[in-house]
Amino acid sequence: MRYDLVIFDNDGVLVDSEPISNRILAEHLTEVGHPTTYEDSIRDYMGAAVHRVHDVVWERSGRRLPEGFDEELHARVFAAFERELEPVAGAAGVLDRLVAEGVPYCLASSGSHERIRVALRRTGLYERFGEERIFSSQDVGRGKPAPDLFLHAAAVMGVAPERCAVVEDSPLGVRAAVAAGMDVYAFTAMTPAEKVAEATALFGAMEGLPDLLLR
């Protein structure tokens, strides 16, 4: 079917930020006394809002992360974005194809509004969205895997959940989309297919996504 709205995750779907942000998160957690590898960070935190990091550390260690942890993490990530961040290969072409076909789209990310905008501006994608089509977990009470963010984006855009498609790359994001009652297309460039098996369909390269969305 033709969807009335396509909702894109940002990190790992539009901007190639997951390797950068998970490397820095693992380093920062290790520095403050919670040894974490890059692989641990991908497994436990990819696609999640920063409050999940606090929750998992507390559950596992019984200790709170130090005051200022978030601010330092964000500063390091933003600085690395300015040096290293690139768009995901083929993402701009997908957006162009949706525009050509008249299919509306928006962005719904676990990242903060500031992080989203830093990433989009650095990669040249900001003008393809504008303020009115960017949604953050800051806008809702619960981040992914809760469905709240995707439901909020759909409501603001005026589209029923069952008429939406979500493009995600993390297990948490896929779970959120399924819980929202939306079809979800899982990008498997970094995520093993078995981790997102509940998705509507899987794809390994952006070039293949339009054919899935525009059937």
Side-chain angles (χ1 to χ4, degrees), residues 2-22 24 46-50 73-140 143-144 148-159 163-170 173 176-177 180 182-187 189-190 203 205-214:
R2 279 293 181 103
Y3 296 101
D4 294 333
L5 178 67
V6 178
I7 305 174
F8 288 90
D9 178 40
N10 189 41
D11 294 297
V13 170
L14 297 173
V15 301
D16 195 15
S17 55
E18 294 292 8
I20 299 170
S21 57
N22 281 283
I24 293 171
M46 182 171 158
V50 71
L73 176 66
H74 292 153
R76 294 185 187 188
V77 168
F78 293 167
F81 280 2
E82 290 297 337
R83 296 190 305 268
E84 305 174 41
L85 189 62
E86 299 290 341
V88 168
V94 174
L95 301 179
D96 289 343
R97 178 79 181 277
L98 292 178
V99 169
E101 297 284 345
V103 179
Y105 63 82
C106 67
L107 183 159
S109 170
S110 292
S112 68
H113 277 289
E114 182 183 12
R115 175 183 170 129
I116 295 167
R117 284 156 181 76
V118 167
L120 291 180
R121 290 190 173 106
R122 162 64 188 174
T123 56
L125 296 176
Y126 176 78
E127 297 302 328
R128 296 171 184 268
F129 289 89
E131 292 298 306
E132 71 280 359
R133 290 190 288 167
I134 295 174
F135 304 96
S136 161
S137 61
Q138 290 180 312
D139 301 330
V140 295
K144 305 169 189 178
D148 304 36
L149 176 56
F150 291 139
L151 292 173
H152 170 68
V156 172
M157 296 294 290
V159 177
R163 299 297 305 168
C164 296
V166 174
V167 183
E168 264 287 354
D169 71 321
S170 74
M182 301 176 180
D183 284 353
V184 54
Y185 296 87
F187 185 35
M190 282 190 62
F203 66 102
M206 280 292 162
E207 289 75 14
L209 180 58
D211 289 339
L212 295 174
L213 296 175
L214 300 170

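Nothing fancy with the numbering, it's 1 onward along the sequence. Since the model is a prediction, treat every value here as computed from it, not as a measurement.
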Chemist: Report the distance from atom OG of Ser17 to atom CD of Glu86, rounding to the nearest 0.5 Å.
Modeler: 12.0 Å
Chemist: Do Val94 and Val6 have side chains that get closer than 4.5 Å, going by heavy atoms?
Modeler: no
Chemist: Under 30°, 30 to 60°, or over 60°: which ring-plane class applies to Phe81 and Phe78, parallel, tilted or perpendicular?
Modeler: tilted
Chemist: Could you grab the distance from atom OH of Tyr105 to atom CG of Leu95, nearest 0.5 Å is fine?
Modeler: 4.5 Å
Chemist: Say whether, by atom type as modelled, one donor and one acceptor occur between the side chain of Arg163 and the main chain of Arg2 under 3.5 angstrom.
Modeler: yes
Chemist: To the nearest 0.5 Å, what is the distance between CD (Glu114) and CD (Gln138)?
Modeler: 9.0 Å
Chemist: Picking from Asp183, Leu214, Val166, what satisfies side-chain contact (heavy atoms from CB on, under 4.5 Å) with Tyr3?
Modeler: Asp183
Chemist: Kindly compute the distance separating OG1 (Thr123) from CG (Asn10), expressed to the nearest 0.5 Å.
Modeler: 7.5 Å
Chemist: Under a 4.5 Å cut-off applied to non-hydrogen side-chain atoms, are Asp11 and Ser110 in contact?
Modeler: no
Chemist: Are the side chains of Glu131 and Tyr126 in contact, using a 4.5 Å heavy-atom criterion?
Modeler: yes
Chemist: For Ala153 and Ile7, which heavy atoms make the closest approach, and how far apart are they?
Modeler: CB-CD1, 4.4 Å
Chemist: Judged by atom type as modelled, is there a donor-acceptor pair below 3.5 Å linking the side chain of Arg122 to the main-chain atoms of Leu85?
Modeler: yes
Chemist: Looking at every non-hydrogen atom in both residues, tell me the closest pair between Met157 and Glu132 and how far apart they are.
Modeler: SD-O, 4.3 Å
Chemist: State, to 0.1 Å, how close Ile134 and His113 come at their nearest heavy-atom pair, and which atoms those are.
Modeler: O-CE1, 3.9 Å
Chemist: Within a strict 4.5 Å, meaning less than it, do heavy atoms of the Asp16 and Glu84 side chains meet?
Modeler: no
Chemist: Within a strict 4.5 Å, meaning less than it, do heavy atoms of the Phe135 and Val140 side chains meet?
Modeler: no
Chemist: Between CG of Leu5 and CZ of Phe150, what distance do you get to the nearest 0.5 Å?
Modeler: 11.0 Å
Chemist: Measuring only between side-chain heavy atoms, which start at C-beta, is Leu209 closer than 4.5 Å to Phe187?
Modeler: no
Chemist: To the nearest 0.5 angstrom, please state how far the CE atom of Met46 sits from the OG atom of Ser170.
Modeler: 6.0 Å
Chemist: Could you report the tightest heavy-atom contact between Leu213 and Ala165, atom names first, then the distance?
Modeler: CD2-CB, 3.9 Å
Chemist: Give me the atom names and distance for the closest heavy-atom approach of Ile20 to Ala80.
Modeler: CG2-CB, 3.6 Å
Chemist: Side chains of Met206 and Val13: does their closest heavy-atom pair fall under 4.5 Å?
Modeler: yes
Chemist: Where is the tightest heavy-atom contact between Leu151 and Met182, given as atom of each residue plus distance?
Modeler: N-CE, 4.2 Å
Chemist: Run through Leu107, Asp96, Leu98 and flag the one making a side-chain contact (heavy atoms from CB on, under 4.5 Å) with Arg128.
Modeler: Asp96
Chemist: With a 4.5 Å heavy-atom cut-off, do Phe203 and Asp211 have their side chains touching?
Modeler: no
